[in-house]
Each structure stands twice: as C-alpha cells, then as structure tokens.
Amino acid sequence: MSDSNTGVVPYGSLDLLVLKTLDSMGSMHGFGIARRIEQVCEQLVHLNQGSIYPALLRLQQQGWIESEWGVSENNRRAKFYSITPAGQKQLEVEVENWNRMTSLVARFLGETS
Amino acid sequence: MTFRAWLLRASDLLQRKKRERELEEELELHLEMATQEKISQGMSPEEARFSAYRDFGGVEQIKELYRDQRGLPFVDHLGQDFRLALRSLLRRPGFAIVSMLLLGLGIGGVTSIFSVVNAVLLAPLPGVDTERILALQAGTEQRPVGGNPARLKDWQQLESFEAVAGYYGDSAVLLEGGEPRKIPVRRTFGPFLEVAGARLQLGRGPSQVEGRGEGDAVAMISDRLWKRSYGGSEQVLGQSLLLDGKSHSIIGVLAAKQYPKELDAWIPAPVEFQQADRTARYLGIFGRLAEGVTKKEAQAEVDAVAARLAWAYPATDEDLEVRLVEPKTLLTREVRTPVLLVLLASCCLLLLACLNLAGLLWARAQARQREASIRIALGAGTGRLARFYLTETLLVASLGGVAGLVVAHLALAAVAGAAERHLPLLEALTLDYRVISVGLLAAILCGLALGLVPIWLASRVDPVRGLKQGGEGFVAGRLRLRSFLVSSQIALSMVLVVCTALLTKSFLQMTSVPLGFEPSQVLSIKTNFAWGTPPETLYSFIDEALTELSALPGVRYVGVADRLPLEGESQRSPLRLRDRPPEASLEEASVLIRSVSPGYFSALGIPLRAGELLPAHRDRIEYEGSHEEESAGGGRLGSPVVINEALAQVYFGSESPIGRWISFPYGDQKAPPTWQQVVGVVGDVRQSPRLADSQPEVFLAYRDTYWPILSFVLRTQGDPILLAKPAREALRRVDASLVVSRLGTLEHELGQSVSNERIQTLLMAAFALLALILAATGLYGLLSTDILRRSREFGIRLALGAQPSDILWSALRPALLLTLLGGIAGLLLSLLAGGFLKAMLFETSTMDLGALLAALFVLYAASALAAILPARRGTRIDPVRTLGSD
C-alpha cells in the first residue's frame, strides 16, 4: 500500500540502483540489495522487492554483475551478487547519463515554470 | 541482445530444471529473511509473512518475468507447440497414419528414384578420376565413329591434353581349373592408367615398350580376378596369365574400385593392332586435360588439328569432326531422358500426395473450426494459432520424411535388382548425403506447403460464427479451396496417364511393325573370338560348326551372322556402283553390312525377292581371269553379294539390281575398289527396334569380311530350347575352349531388345495408377462433403417430387466439372511433358489422338468410379429426417 507521495521506481532506473548498490556495498544477496535500495530511498519510492530478480538476471547476462553461491547470515545457501569491472564502467556511463538527463529536465522545468 | 546474452540464455535452456530450482530457493530465502526481519521488529509470524509477501509483489508473476528473461522464449513456445501437436496427432491416429503413409511413399519414391539419378547421372565413375577426362569422339552425335591408332598418335601431340590413350573392348578365354571361361578385357593403347587416373594396388603399369605391344606380353588384372585365382597373394606378380592360349606376364593389380566393374584384365594391344592405319575405326579415345586448360580451349585445338588432318589425309580424314565429350555423358546418353522422366513422374506423385494430404488437412481444419474459434475467443492470436498449425504439419512432414527414408532404404536393393539390366553405373547406388538431403528437403518443402492450408483457414476463422453454429451446419464453409486441390490432383494424374498412354502406343507401334522374318522355332547361340584371331581359324571354325549343327536331329536350317535382327548395326560402308558415278544425294550415305552364311536366310525365314541366295561354296569364287581384270572403275573382282529391298530401291530404283557390280570402300575412299556382283535381293528385316524402316543393307559371305563375333541361328522342328544342350555340345566338339556367351530362343532375344521400352511403359503405368487412386480418393472425399452439405437441398427436392436420377445427376455434376477442368489442365501440362517424352517415342506423335482419347477415357472412368458412391448416397436421402433435423 503506497502513500500518495511515493512513486514506483522509474522504468530503467532499477538497473542503475542495483549497480550503484553493489558498487558501494560489495557482494550482497537479493534480499540485502532490495532492503538497501528501500533504505536509501527512504520510502520515497515503492519497490516490489521481487522485481529486482529479473533485473539481476538481466545484468548478469550483460556481464555487468556476477553471482556466486555462498552462505547467508542465517546459515542458509544464498546467491551473492557482485559488480564486475565491466559493470563499474557501465555504472560510470549510466551515472553520467542520468546526471545529464536530470540536469536537462531540471533546466527545462526551471525555465518554463 | 549481445552474443554473450544469447549464449547464456541458450545454456539456461539446457539446464532449465536446475535454474528453476535455484530460483525457487533464492525467492524462498528472500521471503524467509523478510519475514524474520519483520518478526524481529515485533510482528506476529502470520502478519510478518503476509507483509513479506506484500512487499515482494506477486511471486508467480515475478517467476514468469524471470523465466521470460531467462532462456529463449520462442524455443519454449516451439516446444509447447510441438508437445501440443504431438498430443493432437495421437488423439486422432488415423490422420497421422494416413499422412505418414502418403508422405512416406511419396518421399520414399522420389528419394529412391533420385538415388538412381545420383548414381547414374551425378556420381563420378568409380575408381576413375573423372574431373578432367574427356572423350575424343569422332563422327556425329547420332552416329559416332571409332578412332584408330594412327590418329591417336596425332592426338597425343595435342598441347591441351596431359595424356591421351585409346582402347577397345575384347574378351579372352581363360582356362580356370581346366574349364574355359570368357573374361572381358580391355586392349589398351598408350598411357591409359595416367588418363584414367586409375590406381594400382600392386605392381606397376606397362613400360613404354610394353605399352606399344612390343617386347613381352604383359597384363594388369582386376582385384576380383586376383582374389579369385591367386588368393590375393603378392606372388602374383610375374606369374603367367594364359589368355586365348597366349601367355601374358602379370605386372600389376588394379584397385578394387574400378570402371567398368566387369573388366578382368587390361592388356596393351598387340603390335599389329597398334600399327593399324587411318581406315581403322575400333578405338575409343580419351584424354586427360592439362592443368588449367578448359574444354573450350581444348576443343578449339582439336578442331584445328582435325582440319590439318583432313588436308593431309583426304582419303580417310576428309570429313573428320571430333567432339570432346564427358565420359559420363557418353555412357548415359541413352538413359538420361528415361531416368529423368521417371524422376519427374515420381515428383509428380509426391506433389499429388501433398495435394491429397492438403485436402485431408482442410477437412481436419474445418472440423476444428470450433476449437479454433474458442481459442481465438479466449485470446490466442491468429499468429499463435497459425504457428501451432504449422508446427503440426511440419511434425507430420518430418514423420513422413523419416518414413520416406526408411522406404527408400528398404527399396534400394529392389531398385538395384530391377534396374540392373537396364541402367549402367548402378554399382554406385547408395543413400549418400546427397540423396538423404534431397529426401529431407522434400519433406520440409511438403511441410511448409501443407502448413499453408490450415494457416489460410486460421486467418479466416470467424469466432462469432464458429461458436454460434453447431457441428454439421458449419461444414457449409468454403469448398472452393478443396475443389482447387482436387482438380489439381486430377490434372497431375492426367499428365501421368497421358505419358503412359503415349508410351503404350509407342510400345505397341514398336512391336507391331512387321519383322520381315519368322522368329518362332529358332534357337540363337552367341559366341565370339578375340579380335586378332587369325582369319583362317575363324573361318574354319564357322564351317565346321555349321556342319556339326546342321547334323543335329531336329534341325532344319542353320545359319550364322555377325548379329541378330533388331540388334542394331556393326559394320557400315559407303557404296559405289561400277557402271555409274554415285548420285549426289547418296554421296555421303552409307549402307549397313552384315556378314552371314548362306543358311542365315532360310534359318530365319527371310524371303528371297529376286535372284538367288549366296552360293554355298566354301572357298572364294574365282572369276575367270579375275584378279587384275580392267573394268570401268579399275580394281579387282570379289565374290557375290545379296542386298535387301531397301538397298535395291534406294540405289537402283526401278532397274534390276541383279548382276550389277558394287563395291564398299569402307574408310578409304581412294583405294582401288573390289567389285562384287549382286546375285539376289531379300526382303527387308527390322534392324533396330527404334527404326521402323529398314536401311539399305548388304549381306556378305563370312569369308569376305573379318568379324569374330558370331550369332548362330537354328530353325528347328520342335521346341527350339530342346536343342540348347546338343547345340552347345556340338560347338564344344569343334572347339573345346569355346565359351557360349548367350543361348536362347530367338523370340526371347527379341523380347530383350525392347525390354527397356517395356519397363519404362510399365513403370509409368504404375505411377499413373497410383496417381489415379490418389486423385480418386481426393474426389471421393470432396464429393462426400459436398453431398453432406447439400443434403437439405436434396431432401427438399426429393420431397417436392424430384426423381432420384435428377438428384444423381446434380450430385455428379461437380465431379464431372472438376474432372473436365483437371483433365484440360492435365492435357496442357502434358504438352510440356511431351517435349521431354518425344525422344522416347517410336512412330508416335506427342499429340497422338488415340492415346489422348484413351487417357481422357481412363481419367473419366476413374472419377466416375470415385463419384458414383457418394452421389448415390445423395439419392437415398430421407427427406423427413433431413428436414426434421433442423
């Protein structure tokens, strides 16, 4: 149940959020990534936690992250994801794109409003 | 998608189960951790779990999204469609079995016939490196002429060729365990191993000197002879091979793969043959093109040299014309058209089977319109439906293809056995990659073409109508497509029926032209001596054999000739008249020459039209002061000859030929002539099954020619076959080492001379029959549907007082119309096929009215048979029931 002032994660930005999370936090499992994104966004956006799994798979197929089976905090077999060098490069590109995009939109809105 | 992503997705596909388990595990852990976190924050376990699920989103949707991201969705769908198609086929196994049979037989037929085409026309000659070999064929395409050793030496100077060699086929008698056995051999001239690219598995080829026939006699033997007579031992080299009583030293053994397969020995020709002059015509000549030289360039050089030879040797080489021909073309000249025709017929039959199956698919799709309507109403796109149908037909076609290959595999031995006597090069018959790919290609094409039918129908499904109307009423869909399918089937079968009718007519023509002799009660015995046998040995054998044979009880007349009637030609020469120069129109012409004994005419019952037969004298007739008698044209005088009526007509017209002098210059037009007197004229005899009219022919006494191939003919009192054994023994008494190559009644031998034509006709008839059956079942199916559709109409008409005959007529009318349309289309198509058939027809036009009418009649009879059953059902409709059912 989302409040009126929380939106859903913008399309296409989930990949960026996941990459950024793995870049700053190191190796994590799916639940950890989901929780981390939720915490950082502080309830500003509503995330369907499950939707990060297809995103994780997509990123793996691109070669930007890799996964490895390990042991979780509660001693269960869990899949840990970490960013690859290619992923770090991609992250830089996407961050730059994102900055350019937001500044463009901000300027546009600033001028017309 | 990047390549890497493709690769990962494809690998996911292979480990689907494992990946699914891992996903399950990962999501389960996620939910558990979320629940625990919420419990630790103070929620009750149920509440925590519920909240975790809510935060997660729909688990199944996420899984589905995940699955779409993983693997290759279209492959998944394909698998789904495939399983669905398999289930739906198994639900109605009747359709599956019928379609597999239809396609299996159709594809199997095409594949087996193609395996023959592959072996006979496409595959290289076994054991011969055919890539750059060309035959140097003198003469015209219709009348090729052999070469000679003198000219071979000229060809060996050609720069376009690496090597040029010649050969003639011969047979030799080999004594094996005291039993004489005739083996086929080749007498070679020049570097034949190099030209053929043939490999020796043991020993060496002949040296230069041995190759010229000088020095010791040497031989190379076949792998077969080596294994049979020498146990495959290497000690064979240097051993002596006794052929025709002459010792040859064995110097080599050829590789097991050889061409022609029946040959047992290759022997450099004797020196006297190698020095024969330019009048000789007994050599087959082949050359190996030099590296990088094209056929066209080689032909240009050959033409230039031929022109020079014509200028240098006008007497023998004036009209010399030499074509370069691929050996395969030369070997398969006769069979190419019939073999391709049969392939075409089998393709026709496969097409017919497909059309027939398309009709079945149509009916099946109609019956499934309701199912299709429901699927579409439930949201299946037409595209998805079409894909499912295509998968289904492709599955049917693949099954058909596999069945076809099985059929072809099983038929291979049968085809080889049946065609062995009629086709060369069948030893190469296998299901190689080429044949198998043709079979599979045929199956795929069938599947794609067949898939069009249900797709076409699927694109037209109207779900509202499909759901509103129930069962039978719905059959009232279109019949147009199906009518088109049926008339196409009729058209195709008409083509095959027309071909059969024309071939039958041609065969009847061929066998009904008068023979000009009396073939019953005649025994024929064939034997031959090696070329090079001294003439005196040959002549005295013939004289003694004739004496021995005529002494047998039950023999009325005995004769001998170089060949039997209907066996084509052997010797041929231009003809000169002593008392006047040749007419311009006959300048280039030549006449057939047949060596005979005087008894030949009576033994075969050939009538004497004028004069007398050849004198029975055994020795050359000496004319008074003959030898150097000066006459109008100069030259000397020879023994008398008999001519046939055709020769009398062409050369003498209304004048009497009796007592006139003629001569035969053979290859040398400038040599002094030997004049021979015409003493008699005999009736014309069929010379070749493919010619209705007799060509001018002259009969010479055996002693006036040299031709060591003999056919004895014995006219008997009773059944000729009873004399087979005594006759064979009589010949053995004359020559203990004699081998009889063929022995049988003349009627049987004549049957052999048209056996190719007979088998072609029968094969085509079998194809036509199958085609008719298929087309008839197609028509039957269509008509049954049509009658069902119109049962209301018929019911009303019957209730209003229509006669059953009216109903019958109107039920039959569509069948008659379709047959007419199909028949006309078939006739037009067979005009196309006619061009192809033309070369095979004897005295029969491709537009032969009788044959075309007969074909039309057969077609109508077949469709009437197919139509009458459903049509009669139409007349028995019970108006009360039909009208009450709505």
Need one label for A/Ala55: side chain, backbone, both or neither, based on atoms under 4.5 Å from any heavy atom in chain B.
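Neither; nothing under 4.5 Å.
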
For the atom pair OG (A/Ser67) and CD (B/Glu22), what is the distance rounded to the nearest 0.5 Å?
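These two atoms lie 8.0 Å from each other.
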
For the CG atom of A/Asn48 and the CG atom of B/Asp55, what is their distance to the nearest 0.5 Å?
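If I round to the nearest 0.5 Å, the distance is 8.5 Å.
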
With sequence neighbours excluded, what pairs up with B/Ala85 under the side-chain contact (heavy atoms from CB on, under 4.5 Å) test?
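By the side-chain contact (heavy atoms from CB on, under 4.5 Å) rule, B/Ala85 matches B/Phe388, B/Glu392, B/Leu395.
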
Tell me the closest heavy-atom pair linking B/Gln36 and A/Asn74, and the distance in Å.
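The answer is OE1-ND2, 3.7 Å.
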
Shortest non-hydrogen contact from A/Ser51 to B/Ile62?
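Answer, listing the atom of A/Ser51 first, then B/Ile62: N-CD1, 3.5 Å.
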
How about CD on B/Glu24, more than 12 heavy atoms from neighbouring residues, nucleotides or ligands closer than 6.0 Å, or not?
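No - once you tally the heavy atoms of other residues, nucleotides and ligands closer than 6.0 Å, there are 12 at most.
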
May I ask you to check whether over 12 heavy atoms, not counting those of B/Gln41, lie within 6.0 Å of atom CD?
yes

One pair to check against salt bridge (charged side-chain N to carboxylate O under 4.0 Å, His left out): B/Glu25 and A/Arg76. What are the steps and the verdict?
CA-CA 10 Å; B/Glu25 193 179 345; A/Arg76 293 275 301 272; over 6 Å; no

Check step by step if side chain to side chain contact (heavy atoms under 4.5 Å, CB included) holds for B/Met33 and A/Arg35.
CA-CA 11 Å; B/Met33 288 170 116; A/Arg35 287 298 292 136; over 6 Å; no

For residues [X] and [Y], determine if any side-chain heavy atom of one lies less than 4.5 Å from a side-chain heavy atom of the other.
X: B/Tyr66; Y: A/Leu57; result: yes
X: B/Glu26; Y: A/His29; result: no
X: B/Glu32; Y: A/Phe31; result: no

Please state whether the side chain, the backbone, both or neither of B/Leu27 comes within less than 4.5 Å of a heavy atom of chain A.
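When you check distances to chain A, only side chain atoms of B/Leu27 fall under 4.5 Å.
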
Below 30° counts as parallel, above 60° as perpendicular, anything between as tilted: where do the rings of A/Tyr53 and B/His30 land?
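Correct class here is perpendicular.
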
